[in-house]
Structure formats: structure tokens, C-alpha cells
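No hydrogens, no waters, no symmetry mates; every other heavy atom, side chains included, goes into these values.
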Amino acid sequence: MEEVCLNSEPVFDMVDEYEGEGEGDCSAVEHDDETGSKHSKKEPPLPTIGLEFDSFDEAYDFYNIYAKEQGFGIRVSNSWFRTKKKERYRAKLSCSSAGFKKKSEANNPRPETRTGCPAMVVIRLVDSKRWRIVEVELEHNHQVSPQIKRFYKSHKKMILAARKARPPAEPVTEIHTIKLYRTAAMDAVSNGFSNVSEREGIHQPDHSKHLELKEGDAYAVYNFFCRMKLTNPNFFYLMDFDDDGPLKNVFWADARSRAAYGYFSDTIAIDTTCLTNKYELPLISFVGVNHHGQSVLLGCGFLGHKSVEYFVWTFRAWLKCMLGHQPQVIVTDQCKSLQIAVSEVFPKARHCFCLWYIMQRVPEKLGGLRGFEEIKRQLNKAVYNSLKIIEFETSWTEMIKKHGLGDNKWLQTLYEERKQWVPVYLKDTFFAGMIPIRENESLNAFFDGYVHKHTSFKEFVDKYDLALYRKHLKEATADVQSKNSSFELKTRCNFEVQLSKAYTKEIFDKFQSEVEGMYSCFNTRQVTANGPIITYIVKERVEIEGNEKEVRSYEVLFETNQFDIRCICSLFNYKGYLCRHALNVLNYNGVEEVPSRYILRRWCKDFKFQHVDLGSTDIDVYGPVYRRSHFHNCAVPIVEGGAQSEE
């Protein structure tokens, strides 16, 4: 397996340099964007932003060969030079039909042959040694025909030069390959796979599984990566190629995603909905929750196959991107391959299944059974209403016996894995609101509305920027609202006033509903005391089916010395803020403010205050916030380089 990092320079080199090269860790592989296989001859790649060359002549020849294949000529329409050294540092290579000729005063002027064609590429000298394509326009405003390609001057020059020169070992059209690096750091990423060669320590995959790219998909993905790398210096991506050439897996994360993980790395969800539902786009997303309770993207990938080895490669790529920092909690769909891969790559993380995904499958798995509606009602009661483990076990057993479901394989599996998805077993796990704990709560995928069953790779990368732009705009709008707005207070409770100054608007609204819910609680009473630890029972009227209400009792432990408080509903662990029952007990004991340990910094409006967006125009470049962020951005590449080097 070739595990390829295309973040390092150089990316492109001349084929001639690698003739006969077959030793060492560096392998030159010809990359066929359409089929991923090797050929002795293929069409040259399209001019693409980010493509680099060792010299101006190489860049010119590349565009000239492309033009010859398409059936148009080229010329250097503009050049920029440095005044002192008279060194060319920028040039525009245009279609020979670009612009218009100057009007001639001759009696019989030649007819105008130019059309003002916009087709062109702009190349620029970077690092004083390489020429990079920085602008591309491929569309012509006139017909192009390969049948007349030999009649252009630029092609005639190429033919004459070829006749004078020594015949090359390879056809002239074979100009560029992708040079794939296998470094020691990348080999280290491969270690620990389930099937490993003892001699090489490299995973041996199933060669028959790879990404099924349609026409135009490969170029679209490649152009997307080139553009992102140019405009987003901290953009990270890895490609996983089969030994025989086909592309198996892809992973990437932009600078915002990498920065976001620095803030919100406590709980993440790995969304494999597209794989589970067998979409044409095999998308996998890493998603977190920001300080507004909104989903934030932490990385993406395409998987060639839904198997352990492919998940392992993607997880290791993501972990490498995040500098080895593992999350505390990982939420995924219920899938055996995911379970094995997560335990292998994230052994210290708490792995849980998404309750919402499981409950969405109930109609599919049980809908054909007699008495389905009653089964569903009892299942919901066992899952959502159980406050103690014994309550869940009793309700589950009653449901199985009453409806004769002892032989149902799906329910058997759910019960065996109950400690990974039933809320009553997960009370010691912090989810940052990522899983629904009430029957009426729902969950939306990060790319919901942008991906459907038949979305292609090309469609997705075209929509990717728009999707992220709208998400970032939503977060920025919430930042402004939280910072500049005064929140409406609905009670006279001190807890509400206190947290209105700390929480972001979205989180405050959720906390405010708990404050209001204090008034539906009643009969708070002490039942036991063990030194400083006092146990209270708080009763609450809660709505059940329809408009009916029932009274439930909630047990709350309160430690009077340190003001530690725990409620049996565990809302604080599920959502990250105190519940109405705990607030009721604090109020009962004369505590006027929520203890600071229960005001999580991740929900506060100033949580990201020390971070500045260097793309913003409204910043103080002489201030400490700008300097800190600038130094951080300068240091990240050095830290990454050091993390990958034993020296």
C-alpha cells in the first residue's frame, strides 16, 4: 500500500528524472485520474492551479502540449520583470486568439483572426526556483479543433525543437507524474494495522476495493486540494493508493477544522451515514460541538470500502492531522468494523453508539412484528425514562417476554451492547449535547442538505466551500449576538442573571429553560445524611403521552463543604449545564450562584477570545491578541515537522 502525503514539496517533477528509479523509499507512480491504473500513454493533465514546474520553459512546454492536444496555439501575452535584475517573475500564457491586433493603416490590411479569447494560464515564480500556475481559464470563445493543430506557430517551434534534440526515452506528451513519498513518519502511521507484514511493517490491503471515481471526479478532487493548499496554508490532506495504482482512501482537514479541534476536542462524532446508507459518495466526517452547541467540522474523508483496515487508515490520518491528540469520547454508528477500528486507534477514548441512529432503525427492524406500536412504546420507555439501571433491565425484560422477542437477533445485539448506547449506562460520560437523551430530540448530519444518495465527488467538492461558509457565518453571527446582545430574563432567579453574563446565547437559552423548570419541581426534601453528603428527593410533574402528566422523583446528592452536586438525571454530563433538580436543591440550601465548576468554559461567550482570525480586517496588529495568534500560526508548521522527525 502506498500511503501518500502530498503536503510536502516538491509535488511534481519531470518523468525523465525517475527513469530506472526503483530503489529507496521514494517511488514514482504515474497517476491516472480517471482509472487509477498504469498506462504507457495517456493525455496530459489539465492545467490546474497549484501545478508547479522547475523552469519557465517547462511551464510553457506543458501548456503548449496541452494546447496542441486540444487544437489551439499559445503565446506569451504578458510578462512581468523585476527592474534591477531584469528577471521574469510572472507571465501570462494565452490562447493565440486572445486579444485583438492593432488596427493597420495599410490599404489592404490582413483580416482579423483573433477573437479576444479568454483562455489562458498565469504562472508565477515562487521561492525563486519554481514556477506555479496561479490562474487558469480553460474555456474558449471560439471553436478549437485538434485537426488543425500543426498550423500554429507555437506547435511548429515544438516540432522543430524535437527534430533537433536527441529523441527522448519517453513520448513528449509524458510530462508530469505525481511523486509519492513514503517517509519514516508515514510508515509509523501504518504500524499497528490488523494485518501487518513482519518484514516491512506495512499493511497489506484488499486490492479490489478502491474509490469509484466517475468522469471528472478525479480532476475535481485534485483541483480542490490544490486550491485549498494554496489558499489555506495549514490545509492537511493524505491519499492512500493501492500498490497497483487505484486510489483507496482520502482524508483532509482545513485550517479552521484543525484550530477548532484545539478548542473542542472533548467529544467528537464520526459520521458514516453515507457509508451505512450506501450513497454514491463514500463520505466520512469528523464532527465536534462548538461553544454555541453547533456542529463544527473536524475533518473529512472518502473511503473505498467499509471495512476495519480502511477505517483504521482514516482514523490514523485524522489523528496524525491533529498531532496525536486523542478525544475523550467518540460517538459512532453501531458497526462492528467501526468498533474494532476505534478500539485500535483510540484505545483511551470512551466509545459510544449514537442513540438517535439506533432508534431510527426501530421501524425498519421491528415494523413487521405484531403489536409493533406497543413494542415501540415500551422500548422508548425503557431507553428514555429509566433513571436507574434496574429500571431499564426490568422494562426491557418485560418487553421481551410480553411480545415473545427472545429470538430477535437485532434486539439481542442491542442488549449485549447496551452499555455503549443506553443513556442510563452512560451517566459518567460527557457528551457536550452530542447525543439526544429525550424521545423528541433529533440529530442532523453536518452536511445535511448538501449530500444526497446520488451526489458525486465533483458535486460535493463544489458544494464543500458553500457548506462551510454558511456554517462559519452561522457561528460568527452567534458570536456577535452573544457578545453584544442583552439576554431577556424570564425569572427573578439569581442563577439566570449569573449565567446570562457567561454563557453564549444558545447555551443560555437551554439553561434558562432549566431555570424556568424549577417551578415545575416541588416537595424538595432531605431523605438521608452521611456527614457532609445529603441526599434529597425532588419531585417534578413531567409530560408523558399526549397532554398527560405524571410525577417523577429525582434523587440529588449535595456535598455541603465543596458544594458538589449530582442529580440522578445526569443532565450536566449529557448537556454540560445543571438541571432544574440540582438548581432546586442549591436554592433550597440558600446557594445564590452556580458553583464555578459547573460553568464549563467551553460554553462561555469569551471562550475563544484569545484566538483571532488573521483574515479579518478589523484587528489591532499591534495588540497582544494578534501577536499571539501570529506566533501560533508560525509555530504550527515547526511543531508538525518536529512531530514527524525523530531528530
Side-chain angles (χ1 to χ4, degrees), residues 10-17 43-104 106 109-165 168 171-176 219 223 226-227 230:
V11 174
F12 299 97
D13 285 288
M14 296 296 293
V15 165
D16 294 344
E17 294 180 25
E43 292 184 2
L46 288 172
T48 307
I49 292 177
L51 204 60
E52 294 188 351
F53 309 88
D54 289 336
S55 67
F56 172 83
D57 290 338
E58 277 189 20
Y60 180 92
D61 290 343
F62 166 76
Y63 192 47
N64 199 19
I65 290 171
Y66 165 77
K68 184 172 181 287
E69 293 295 327
Q70 298 297 315
F72 68 95
I74 70 168
R75 58 189 169 84
V76 182
S77 57
N78 293 90
S79 288
W80 290 262
F81 294 84
R82 293 189 175 94
T83 307
K84 294 182 179 180
K85 298 182 180 180
K86 293 184 178 180
E87 176 189 25
R88 188 187 340 234
Y89 68 91
R90 188 181 178 95
K92 182 178 182 180
L93 309 180
S94 300
C95 170
S96 57
S97 295
F100 297 95
K101 293 180 179 179
K102 293 181 180 179
K103 291 185 178 180
S104 174
R110 292 182 178 180
E112 178 63 80
T113 57
R114 298 181 183 178
T115 63
C117 181
M120 59 85 195
V121 298
V122 175
I123 57 176
R124 181 167 58 86
L125 187 66
V126 293
D127 299 334
S128 300
K129 58 182 179 180
R130 297 190 306 280
W131 286 84
R132 176 186 293 164
I133 295 179
V134 294
E135 292 182 42
V136 174
E137 175 55 63
L138 298 181
E139 297 297 325
H140 298 261
N141 65 0
H142 59 94
Q143 186 176 4
V144 294
S145 173
Q147 280 70 36
I148 60 172
K149 59 190 175 186
R150 289 185 178 275
F151 294 97
Y152 291 104
K153 288 183 180 180
S154 61
H155 303 159
K156 291 178 181 178
K157 292 178 183 178
M158 183 172 65
I159 294 169
L160 290 173
R163 286 174 179 170
K164 293 179 181 179
V172 153
T173 55
E174 297 299 312
I175 288 193
H176 288 85
Y219 280 130
N223 290 346
C226 287
R227 174 169 53 81
L230 280 176

Quick check against the 3.5 Å criterion: does [X] have a side-chain atom that pairs as donor or acceptor with the backbone of [Y]?
X    : Y    : answer
N141 : P118 : no
S97  : C95  : no
T48  : L51  : no
S77  : K92  : yes
Q70  : Y66  : no

Can you find a pair of side-chain heavy atoms, one from [X] and one from [Y], that are under 4.5 Å apart?
X   : Y    : result
F53 : I133 : yes
F62 : P47  : yes
E87 : F81  : no

First locate atom [atom1] of [X], then atom [atom2] of [Y], and finally report the distance between them rounded to the nearest 0.5 Å.
X    : Y    : atom1 : atom2 : answer
C117 : H142 : SG    : NE2   : 3.5 Å
L125 : S55  : CG    : OG    : 10.5 Å
L93  : Y60  : CG    : OH    : 7.5 Å
R130 : I123 : CZ    : CD1   : 14.0 Å
R132 : I49  : CZ    : CD1   : 11.0 Å

query = Please walk me through it: do T115 and H140 pass side-chain contact (heavy atoms from CB on, under 4.5 Å)?
reply = CA-CA 9 Å; T115 63; H140 298 261; over 6 Å; no
Closest non-hydrogen atom pair between [X] and [Y], with its separation:
X   : Y    : answer
E58 : D54  : OE1-N, 3.2 Å
F72 : V144 : CB-CG1, 4.0 Å
F56 : A91  : CE1-CB, 3.7 Å

inquiry  = If the condition is salt bridge (charged side-chain N to carboxylate O under 4.0 Å, His left out), which residues does R124 pass it with, not counting sequence neighbours?
reply    = none
ask   = Taking the six-membered ring for Trp, are the ring centroids of W80 and Y89 within less than 6.0 Å of each other?
value = no
message = If the condition is side-chain hydrogen bond (donor to acceptor under 3.5 Å, both in side chains), which residues does R227 pass it with, not counting sequence neighbours?
response = D465
task = Could you verify whether a donor N or O on one side chain and an acceptor N or O on the other, from R88 and S79, lie under 3.5 Å apart?
result = yes
ask   = With a 4.0 Å cut-off, would you call R90 and E135 a salt bridge?
value = yes
